[in-house]
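These notes concern the structure reproduced below.
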Amino acid sequence: MSEPLVELRQLHKSFGDNHVLRGIDLTVAKGEVLCIIGPSGSGKSTLLRCVNMLEQPTGGQVFVAGVELTHRDCDIDKARRATGMVFQQFNLFSHLSVRDNITISLRKVLKMKSTDANARADALLNRVGLADKASAYPAQLSGGQQQRVAIARALAMEPSVMLFDEATSALDPELVGDVLGVMRELAEEGMTMLVVTHEMGFARNVADRVIFMDGGVIVEEGKPAQVINEPREERTKKFLANVLEN
Amino acid sequence: MNMSRRQRLQLVRGGIYALTIAALALLIISVDWGALGGALFKWEVVQKQFPDILTSALRNTIIFTIFGFIGGLSLGLLLAIMRLSKSKPYRWFAATYIEILRGIPLLVTLLILGFGIPIATGWSWPNPYVQGAVPLALVAGAYIAETVRAGIEAVPRGQMEAARSLGMSYTRAMVTVIIPQAFRIIVPPLTNEFVLLIKDTSLISVLGVTERTLDLARFGRNGVNDSANATPLVVAGLVYLALTIPLTQLAAWMERRSKVGRR
């Protein structure tokens with residue numbers, strides 16, 4: 001664990017009167033896999049969405065790969081390339097084929113040639129086990145396949161950190177394993193990852209560190225074995241008891 | 001007498017059918033079909049409409065419609081994007097434009113722009129096609145803007161977020177991700193706008209047209225004056241239907257298909 005790749009300083013976010021994030025300080029080292037757990041409404045998705053500024057923080061600072069995204073002179077479109085995001089609802093572009101979903105940002109943002117972009121797309125599809133689906137359209141794929149394409153699409157921009165926002169929550173239970181498998185491989189290859197998840201097994205086995213959020217603050221953080229198996233805080237214990245019961 | 005609810009319904013329905021048939025029969029008996037046919041569909045007059053009604057009048061109607069539609073679509077797209085913009089002056093301008101142009105009858109707008117502006121400024125329209133097509137496009141743009149806006153708003157929010165998260169600017173995401181999907185959604189309503197536009201071209205002739213720029217409606221009306229018979233208008237109506245019915249059917253078909261496609 002060396003230099004911090006993501007750093008949040010006193011991050012606040014309000015939606016009107018609703019104070020969702022109440023002063024978050026967090027650093028994530030290069031190569032670290034951080035799982036964020038907590039009840040719904042605890043602010044964990046908002047926290048993740050502040051890292052690539054899909055939500056504009058109301059206070060505090062966000063640094064990614066040494067660039068302050070919250071700085072008023074920051075070119076946010078350029079700075080966002082350092083982060084890749086995977087959404088709960090996949091959000092594949094429904095009018096584009098699987099290959100074009102992956103290459104569109106390469107061609108339109110990085111101005112890469114089509115042949116180079118296609119080669120990168122095919123390599124990524126191979127990696128997520130969907131090489132035969134390059135010409136398919138999102139609607140023709142299962143949820144698990146769509147989510148693996150979405151991961152490939154985010155990876156295409158070669159981000160230095162990947163953000164997973166409940167990536168398996170919208171999937172049928174039997175499809176969750178494939179997506180978690182891809183995420184696990186990614187972690188093993190050394191990708192820096194921030195993962196908002198309800199999958200305690202994944203958090204326990206893959207994460208380097210787990211943070212538990214509730215009410216817009218980080219309540220507890222530590223090694224997964226400690227936070228999940230021997231939580232210190234009452235709120236963490238109660239949440240885990242509820243989650244692990246099911 | 002005791003009847004079930006179902007029996008009573010059947011009795012009422014049978015009565016309505018019988019009355020309708022009786023009324024139709026009365027109409028058929030009382031009308032002088034020979035005279036009506038002679039006034040509305042006289043064969044010699046029908047023949048006299050061709051080929052000019054197709055080579056000239058239909059052609060002009062299509063020219064007005066297509067230029068009105070292309071202009072209206074470009075303007076509508078621009079106005080829709082302005083209405084959804086973060087900038088207040090843009091939103092305000094677009095909303096005001098749309099309200100005004102949709103609130104005034106096309107006939108009045110045509111007269112103001114076609115006659116009023118030249119009288120007020122001394123400027124004159126370069127040719128009758130432009131004089132007719134420009135006001136038509138300006139009004140069509142207001143209607144199409146609302147259709148396009150609805151289409152853009154129907155694209156799920158996550159599409160914009162995914163595009164932005166990949167490093168696309170707002171404009172780039174709009175052009176490559178949102179608008180193409182919005183257009184898929186609005187093809188059926190846009191086809192209906194096109195049909196409305198075909199019919200609206202019939203008003204352009206109030207601007208006074210030359211022999212060369214007669215549209216279908218004016219051609220029919222002139223035909224009535226020439227032949228002292230209403231047949232030319234009926235023929236013009238039939239030519240309109242030959243244009244509009246296939247298009248409305250196409251729109252209905254596309255609508256059904258898109259409903260099947262989306263789960």
Side-chain angles (χ1 to χ4, degrees), chain A residues 45 48-49 51-56 64 69 75-96 100-112 137-140 143 146-147 149-159 161-165 170, chain B residues 73 76-77 80-81 84-88 90-91 144 147-191 251 253-263:
Chain A
S45 281
L48 200 68
R49 291 162 58 85
V51 174
N52 67 352
M53 301 287 280
L54 280 185
E55 300 295 353
Q56 194 86 32
V64 175
L69 275 64
D75 176 355
I76 191 63
D77 299 327
K78 193 159 177 234
R80 273 203 188 105
R81 294 182 207 163
T83 62
M85 189 172 230
V86 178
F87 300 85
Q88 184 176 354
Q89 299 296 339
F90 329 135
N91 296 348
L92 291 183
F93 305 136
S94 60
H95 64 303
L96 297 177
D100 288 344
N101 258 279
I102 299 172
T103 59
I104 185 120
S105 53
L106 298 176
R107 287 182 282 123
K108 302 291 181 183
V109 178
L110 301 184
K111 309 290 176 200
M112 196 184 270
Y137 280 81
Q140 299 168 309
Q146 289 191 53
Q147 195 60 300
V149 173
I151 294 172
R153 177 177 70 176
L155 288 174
M157 295 295 282
E158 300 187 326
V161 52
M162 285 285 285
L163 312 171
F164 291 87
D165 189 5
Chain B
L73 191 60
L77 189 58
I81 291 170
L84 295 169
S85 152
K86 282 192 188 122
S87 148
K88 216 170 178 178
Y90 282 159
R91 284 206 310 268
I144 291 174
T147 305
V148 174
R149 180 173 71 102
I152 290 174
E153 285 178 335
V155 176
R157 230 173 85 98
Q159 296 285 311
M160 176 57 92
E161 292 184 346
R164 296 304 301 274
S165 79
L166 289 167
M168 291 188 204
S169 66
Y170 176 84
T171 311
R172 165 60 67 198
M174 235 6 187
V175 171
T176 55
V177 174
I178 306 299
I179 289 173
Q181 292 189 59
F183 267 89
R184 267 151 218 249
I185 297 169
I186 61 170
V187 166
L190 269 187
T191 310
W253 175 76
M254 287 186 295
E255 213 158 336
R256 279 196 303 275
R257 205 186 51 160
S258 75
K259 271 189 192 127
V260 175
R262 261 178 280 154
R263 284 162 294 166

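Heavy-atom neighbours of Phe183(B) CZ from other residues, nucleotides or ligands within 6.0 Å: above the threshold of 12. Other residues, nucleotides and ligands contribute only 12 or fewer heavy atoms inside 6.0 Å of the NZ atom of Lys86(B).
Taking Arg49(A), Gln89(A), Gln88(A) one by one and counting their heavy-atom pairs under 4.5 Å with chain B, the maximum is reached by Arg49(A). Counting heavy-atom pairs closer than 4.5 Å to chain B, the top residue among Arg81(A), Arg153(A), Lys78(A) is Arg153(A).
Of all non-hydrogen atoms in Gly167(B) and Arg80(A), the two that sit nearest each other are CA-CB, 4.4 Å. Counting all heavy atoms, side chain and backbone alike, Gln159(B) lies closest to Ser94(A) at OE1-N, 4.0 Å.
Note that NE2 of His95(A) and CD1 of Ile179(B) are 10.5 Å apart. Values are rounded to the nearest 0.5 Å.
Side-chain contact between Met168(B) and Ile104(A): present, with at least one pair of heavy atoms (C-beta onward) separated by less than 4.5 Å.
The part of Phe87(A) that comes within reach of chain B is its side chain, from C-beta onward, which places non-hydrogen atoms under 4.5 angstrom from that chain. With a 4.5 angstrom heavy-atom cutoff, Ala163(B) touches chain A via backbone and side-chain atoms both. With a 4.5 Å cut-off on non-hydrogen atoms, Arg172(B) touches chain A through its side chain but not through its backbone. Contact of Leu110(A) with chain B is not made at all, since no heavy-atom distance falls under 4.5 Å.
Between the side chain of Asn91(A) and the backbone N or O of Gly158(B) there is at least one donor-acceptor pair closer than 3.5 Å.
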- Task: Might you work through the side-chain contact (heavy atoms from CB on, under 4.5 Å) test for Arg164(B) and Asp77(A), ending with a clear yes or no?
- Result: CA-CA 7 Å; Arg164(B) 296 304 301 274; Asp77(A) 299 327; 3.0 Å; yes
